[in-house]
Amino acid sequence: VQLQASGGGLVPAGGSLRLSCAFSGRTFSTYVMGWFRQAPGKEREFVAAISRSGTSTVYEDSVKGRFTISRDNAKNTVFLQMNSLKPEDTAVYYCAADPTYNIGLGPGSVLAEKYDYWGQGTLVTVSS
């Protein structure tokens with residue numbers, strides 16, 4: 001499995017960005033997909049996850065109502081639409097894939113150790 005994240009950049013506070021993650025190598029629709037981020041000097045943290053079909057999503061509290069995760073199983077791509085960005089959203093954003101037999105999301109979907117495959121990361125910088 002290979003994951004290629006893109007879409008990061010520099011944006012002023014209050015702005016928007018849309019991250020994309022292209023998946024290849026296996027059947028995309030059999031993987032739960034997640035986004036994580038790591039700010040300078042901090043540990044990697046969960047941002048959002050989406051079930052195999054796209055019908056279930058879960059978000060970290062600080063991004064609820066601002067970020068939206070979605071997927072296009074026909075195009076093997078997962079997205080993260082980020083609105084109302086804040087300086088504290090500045091981080092490298094990583095997409096990740098969890099091969100699972102579960103149709104929905106479980107408690108483990110927020111845990112980095114559940115994800116077997118990771119993209120290279122894309123940097124998001126939000127200026128104040």
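Just the heavy atoms: all of them, side chains too, but no hydrogens, waters or symmetry mates, feed the values below. Just so you know, these numbers come straight off a predicted model, no measurement behind them.
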remark   = Note: Ser70 and Ile50 closest approach over all heavy atoms is CA-CD1, 3.6 Å
ask   = Does Glu88 CD have over 12 foreign heavy atoms under 6.0 Å away?
value = yes
key: CA sep, side-chain torsions, deciding dist, call: Asp72, Phe79, side-chain contact (heavy atoms from CB on, under 4.5 Å)   = CA-CA 8 Å; Asp72 185 336; Phe79 304 97; 4.1 Å; yes
query = Are any of the side-chain heavy atoms of Gln4 and Gln120 separated by less than 4.5 Å?
reply = yes
note = The complete set of ring pair (Phe, Tyr, Trp, His ring centres under 6.0 Å) pairs with one or both residues in residues 109-128, sequence neighbours excluded, reads Phe36-Tyr115, Phe36-Trp118
ask   = Taking the side chain as C-beta and beyond, is there a heavy-atom pair between Leu3 and Met33 under 4.5 Å?
value = yes
remark   = So CG of Asp61 and CZ of Phe46: to nearest 0.5 Å the spacing works out to 10.0 Å
task = For atom CG of Leu111, decide whether the heavy atoms of other residues, nucleotides or ligands shown that lie under 6.0 angstrom number more than 12.
result = yes
inquiry  = Using the rule that Ile, Leu, Val, Met, Phe, Trp and Tyr join whenever any side-chain heavy atoms are under 4.5 Å apart, tell me whether Val63 and Val32 fall into a single cluster.
reply    = no
ask   = Hey, any chance Val58 and Met82 share a hydrophobic cluster, counting ILVMFWY side chains that come within less than 4.5 Å of each other, even indirectly?
value = no
Atom pair CZ/OG1 of Arg71 and Thr57 - distance to nearest 0.5 Å = 12.0 Å
Side-chain atoms of residues 90-98: list all donor-acceptor pairs with protein atoms under 3.5 Å, sequence neighbours left out, distances to 0.1 Å.
{"unit_1": "Thr90", "atom_1": "OG1", "unit_2": "Pro87", "atom_2": "O", "d": "2.9"}
{"unit_1": "Thr90", "atom_1": "OG1", "unit_2": "Val126", "atom_2": "N", "d": "2.9"}
{"unit_1": "Thr90", "atom_1": "OG1", "unit_2": "Val126", "atom_2": "O", "d": "3.4"}
{"unit_1": "Tyr93", "atom_1": "OH", "unit_2": "Arg37", "atom_2": "NH1", "d": "2.9"}
{"unit_1": "Tyr93", "atom_1": "OH", "unit_2": "Asp89", "atom_2": "O", "d": "2.6"}

Just list the side-chain donor-acceptor pairs under 3.5 Å for residues 14-30, sequence neighbours left out, or say none.
{"unit_1": "Ser16", "atom_1": "OG", "unit_2": "Asn83", "atom_2": "OD1", "d": "2.9"}
{"unit_1": "Thr30", "atom_1": "OG1", "unit_2": "Thr27", "atom_2": "O", "d": "2.7"}

request  = Would you confirm whether Thr55, through its side chain, and Ser53, through its main-chain N or O, come within 3.5 Å as a donor-acceptor pair?
outcome  = no
